[in-house]
Undergrad: 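Below are the structure tokens for one structure; questions will follow.
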2 protein chains.
Amino acid sequence: MSIARKTPTIQDVARFARVSTATVSRALSSPERVSEGTRARISDAVEATGYTLNQAARSLRQRTSKTILVGLPDIRNSFFSTILDAIEREAALRGYGVLVCNRYSGPNPARRLGEYFLSHRADGLLLLDGSLDLEQLLELTREPSAVPLVVACEEIPDASFHTVKTDNPRAAAHATRHLIDQGHTRIGHITGPAGNVLRQERLAGFMQAMDEAGLKVLPDWIFPGNFMMESGYAAALQYLAMANRPSAVFAANDETAIGFLSGLREQGLECPRDISVVGFDDLAVALHYSPPLTTVRQPREKLGQLAAQTLINILEGGVEAKPLRIVLTSEMIIRSSTARYFPPPHS
Amino acid sequence: MSIARKTPTIQDVARFARVSTATVSRALSSPERVSEGTRARISDAVEATGYTLNQAARSLRQRTSKTILVGLPDIRNSFFSTILDAIEREAALRGYGVLVCNRYSGPNPARRLGEYFLSHRADGLLLLDGSLDLEQLLELTREPSAVPLVVACEEIPDASFHTVKTDNPRAAAHATRHLIDQGHTRIGHITGPAGNVLRQERLAGFMQAMDEAGLKVLPDWIFPGNFMMESGYAAALQYLAMANRPSAVFAANDETAIGFLSGLREQGLECPRDISVVGFDDLAVALHYSPPLTTVRQPREKLGQLAAQTLINILEGGVEAKPLRIVLTSEMIIRSSTARYFPPPHS
DNA sequence: TGGCCGCATGTAATCGATTGCATCGCAAGT
DNA sequence: ACTTGCGATGCAATCGATTACATGCGGCCA
């Protein structure tokens with residue numbers, strides 16, 4: 001029955017309020033430029049017609065889409081999705097939409113991201129990891145796309161991007177020292193994926209702490225991982241096959257730690273009786289795992305919120321003179337997956 | 001140094017190829033309408049100028065944004081984020097962008113979603129849960145927003161929406177029967193959040209299976225949950241305080257199951273020795289939990305992919321005559337959190 | 001009284017792509 | 001040879017909002 005009306009335009013509002021579209025536009029975007037009387041008439045007209053802005057038209061004219069693009073390596077990982085949650089909330093608050101681009105793979109990932117800007121679909125990019133290489137990132141920020149960019153989670157050394165991150169090397173060192181303090185001397189590490197900045201930072205923190213304590217790290221004790229449970233599980237198999245096993249392992253994130261523990265348990269090893277394990281991230285499941293995981297809590301919500309704020313500030317306030325570097329501090333959460341080391345009775 | 005060139009427009013391409021913009025537009029969107037020679041010249045010109053379409057301009061003219069909106073209740077939950085992952089992949093393949101709207105709360109959530117359409121930012125809506133009530137949903141599909149809608153995960157009975165979902169009642173009944181088959185007779189259930197369709201369906205399946213087996217369900221044995229770990233943990237406390245405890249529990253999802261098990265373990269109860277637990281979803285962690293969780297695997301990737309395909313087909317092919325109902329079947333995954341029931345030696 | 005200023009508002013160009021209609025040229029049909 | 005038809009292309013309107021510039025009006029000052 002209902003006639004399929006088109007959505008009302010600014011013309012309809014103007015006609016209803018008996019003013020020009022220019023005045024309507026002004027009344028909506030800078031009310032102080034319009035006299036009180038007309039302002040009221042226009043606001044009535046908006047009400048009456050049920051007007052909403054056509055964002056496409058505005059975008060075309062203003063070259064602004066009120067949308068940010070979030071690039072993530074893997075949205076299924078709850079570490080990232082929690083950050084995305086915070087970003088979305090903050091963006092919505094400031095009137096921005098959030099486009100997601102997950103696992104930008106293919107021949108030229110930066111190109112895929114860049115196209116969002118060339119086609120004017122997004123105003124700025126929030127990148128949640130550094131799996132793009134520096135070259136590609138730089139290309140993004142150059143003409144013609146010239147993407148306003150904030151990199152979260154990771155920092156690219158010497159590069160001129162705004163970054164919001166946590167202090168990974170320090171936190172990794174802290175986690176490692178926690179194991180050392182408990183008497184462990186043979187400590188291994190399951191790394192993040194190759195080519196990832198986080199991998200470097202956490203590994204570096206680990207190595208530094210070991211070094212400072214005067215402890216050796218055998219090459220065997222560095223297990224390759226990729227932040228996913230399966231890789232932790234694979235590390236467990238490797239671990240079990242070793243002759244001279246570490247008595248503790250610092251995993252680059254909670255998921256890896258969980259996979260690792262699960263692999264060990266299958267073969268009858270128990271944590272923390274037989275081995276101590278520290279994770280990283282403090283996912284929700286860390287608290288509820290068996291054993292509850294000792295881990296490093298990253299302020300993920302804060303991180304996402306700050307990253308979004310930073311990006312939107314840049315978009316609205318123009319270009320910052322020099323790249324901002326915001327570093328949040330993580331917090332060590334000690335639970336039951338780590339315990340004091342007691343040397344086995346020697347034969 | 002570099003001059004801040006504007007991004008090239010279709011005018012630039014036209015000038016370069018010495019044709020009109022109309023021809024360029026046609027060459028790009030329906031090449032067969034343009035002669036081979038000019039087509040080649042234009043494609044060279046595109047190459048040379050580095051042209052990319054201005055999506056805002058196209059949106060304005062065509063009243064189409066090539067963007068879909070995904071509404072989710074909680075993106076942090078890896079159940080949803082996995083589906084979103086699949087959606088995003090499928091959408092990208094078909095040239096669509098994905099806007100996310102997480103936890104649409106506030107006074108009028110449907111309004112917030114609807115505004116994306118009124119402002120022409122999205123062409124269609126993919127709703128990943130049914131926490132909106134029917135009234136609000138109906139309002140969305142009416143003029144003036146008239147949103148093409150596909151509801152995933154949940155089905156609203158008697159309503160005329162396209163839906164893609166899994167067979168929850170059946171899967172829930174299946175999970176329950178698995179416990180019954182193992183000799184359990186006193187079986188409890190931790191529900192989903194109030195007002196959620198999934199809660200109803202899984203509860204219904206559970207009740208039906210119990211009923212068919214001639215088993216009673218005490219009111220105490222239905223624990224209120226909300227799909228989050230904390231609620232499972234809370235259920236554990238409730239469970240522990242009970243006199244006549246069930247010997248098995250079917251949790252409405254894996255997260256709840258995990259929280260529940262973690263609460264029990266704190267008090268020294270062990271699974272599956274003291275209790276059998278079945279989850280739902282088969283999250284990655286289910287396999288790596290201790291004990292590995294018996295659960296119901298929902299084809300999440302498939303679900304996301306189908307939902308996205310369905311929506312995009314509708315967007316591109318016009319309106320379907322009658323609402324599509326796609327029901328995927330889930331699969332029971334039996335691991336170690338369930339075991340044969342042995343009655344305790346009676347005193 | 002005349003000139004000037006500034007506020008409120010209108011007029012019309014503009015953003016970039018699409019598309020209905022017009023035009024042109026060439027080939028085929030009678 | 002003249003018309004008809006069709007394929008290829010151009011012209012110009014259009015989508016809806018913004019905004020530079022123009023206009024008109026009232027008040028203020030000299």
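Chain letters run A, B, ... following the sequence lines, proteins first and then strands; every chain starts at 1.
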Undergrad: Among the candidates dG16(C), dT18(D), dT18(C), find the nucleotide nearest to the side-chain atoms of Asn54(B).
TA: dG16(C)
Undergrad: Could you tell me how far apart Lys66(A) (NZ) and dG16(D) (C1') are, to the nearest whole angstrom?
TA: 18 Å
Undergrad: Indicate whether the side chain of Arg94(B) and that of Asn313(B) have a donor and an acceptor atom separated by less than 3.5 Å.
TA: yes
Undergrad: Choosing from dA17(D), dT9(C), dT11(C), which nucleotide comes nearest the side chain of Ser35(A)?
TA: dT9(C)
Undergrad: Just how far, in rounded Å, is C1' of dG16(D) from CZ of Arg58(B)?
TA: 18 Å
Undergrad: Taking 4.0 Å as the cut-off, does a side-chain nitrogen or oxygen of Ser59(B) come that near to OP1 or OP2 on dC15(D)?
TA: no
Undergrad: Are any of the side-chain nitrogens in Asp85(B) or Arg103(A) under 4.0 Å away from the carboxylate oxygens of its partner?
TA: yes
Undergrad: Under 4.0 angstrom, heavy atoms only, what part of the nucleic acid is Val19(A) near: base, sugar-phosphate, or nothing?
TA: sugar-phosphate
Undergrad: Taking only side-chain N and O atoms of Tyr51(A), does any of them lie within less than 4.0 angstrom of OP1 or OP2 on dA17(D)?
TA: yes
Undergrad: For dT9(D), take OP1 and OP2 only and decide whether either is under 4.0 Å from a side-chain N or O of Thr38(B).
TA: yes
Undergrad: Would you mind classifying the nucleic acid contact of Val34(A) as base, sugar-phosphate or nothing, using non-hydrogen atoms under 4.0 angstrom?
TA: sugar-phosphate
Undergrad: If you count the non-hydrogen atoms of other residues, nucleotides and ligands that lie under 6.0 Å from CD in Gln62(B), is the total more than 12?
TA: yes
Undergrad: Leu60(B) CG to dC15(D) C1': how many Å, rounded?
TA: 4 Å
Undergrad: Tell me whether the count of non-hydrogen atoms from other residues, nucleotides or ligands lying under 6.0 Å of CZ in Arg111(B) goes above 12.
TA: no
Undergrad: Please determine, by modelled atom types, if Ser20(A) and Thr23(A) share a side-chain donor-acceptor pair under 3.5 angstrom.
TA: yes
Undergrad: Is any side-chain N of the basic residue among Arg41(A) and Asp44(A) closer than 4.0 Å to the acidic one's carboxylate O?
TA: no
Undergrad: Taking only side-chain nitrogens and oxygens of Gln62(A), does any of them come within less than 4.0 Å of OP1 or OP2 of dT19(D)?
TA: yes
Undergrad: Is Glu32(A) salt-bridged to Arg39(A), going by a charged N under 4.0 Å from an acidic O?
TA: no
Undergrad: Taking only the side-chain heavy atoms of Thr9(A) (C-beta and beyond), determine which of dA17(D), dG10(C), dG10(D) contains the nearest atom.
TA: dA17(D)
Undergrad: Among dG10(C), dT18(C), dG16(D), which nucleotide has an atom closest to any side-chain atom of Gln11(A)?
TA: dG16(D)
Undergrad: In this structure, how many angstroms lie between the C1' atom of dC15(D) and the CZ atom of Arg63(B), rounded?
TA: 6 Å
Undergrad: How far does CG of Leu93(B) sit from CD of Glu88(B), to the nearest 0.5 angstrom?
TA: 10.0 Å
Undergrad: Write down the distance between CD1 (Ile10(B)) and P (dT18(C)), rounded to a whole number of angstrom.
TA: 6 Å
Undergrad: Which nucleotide sits closest to the side chain of Arg26(A): dA17(C), dA20(D), dT9(D)?
TA: dA20(D)
Undergrad: Should Thr23(A) be listed as having a side-chain N or O under 4.0 Å from OP1 or OP2 of dG10(C)?
TA: yes
Undergrad: Between dA12(C), dA17(C), dT19(C), spot the one nearest the side chain of Thr21(A), thanks.
TA: dA12(C)
Undergrad: For Asp12(A) and dC15(D), what is the distance between atoms CG and C1' respectively, to the nearest whole Å?
TA: 13 Å
Undergrad: Write down the distance between CD1 (Ile42(A)) and P (dT9(C)), rounded to a whole number of angstrom.
TA: 8 Å
Undergrad: For the pair made of CZ in Arg61(B) and P in dC15(D), what is the distance, rounded to whole Å?
TA: 7 Å
Undergrad: Take the C1' atoms of the five end pairs on each side of the helix from dT1(C)-dA30(D) to dT30(C)-dA1(D), derive the two axes, and give their angle rounded to 10 degrees.
TA: 60°
Undergrad: Pick the nucleotide of DNA chain C nearest each of Thr52(B) and Arg41(A); which residue has the one closer to the 5' end?
TA: Arg41(A)
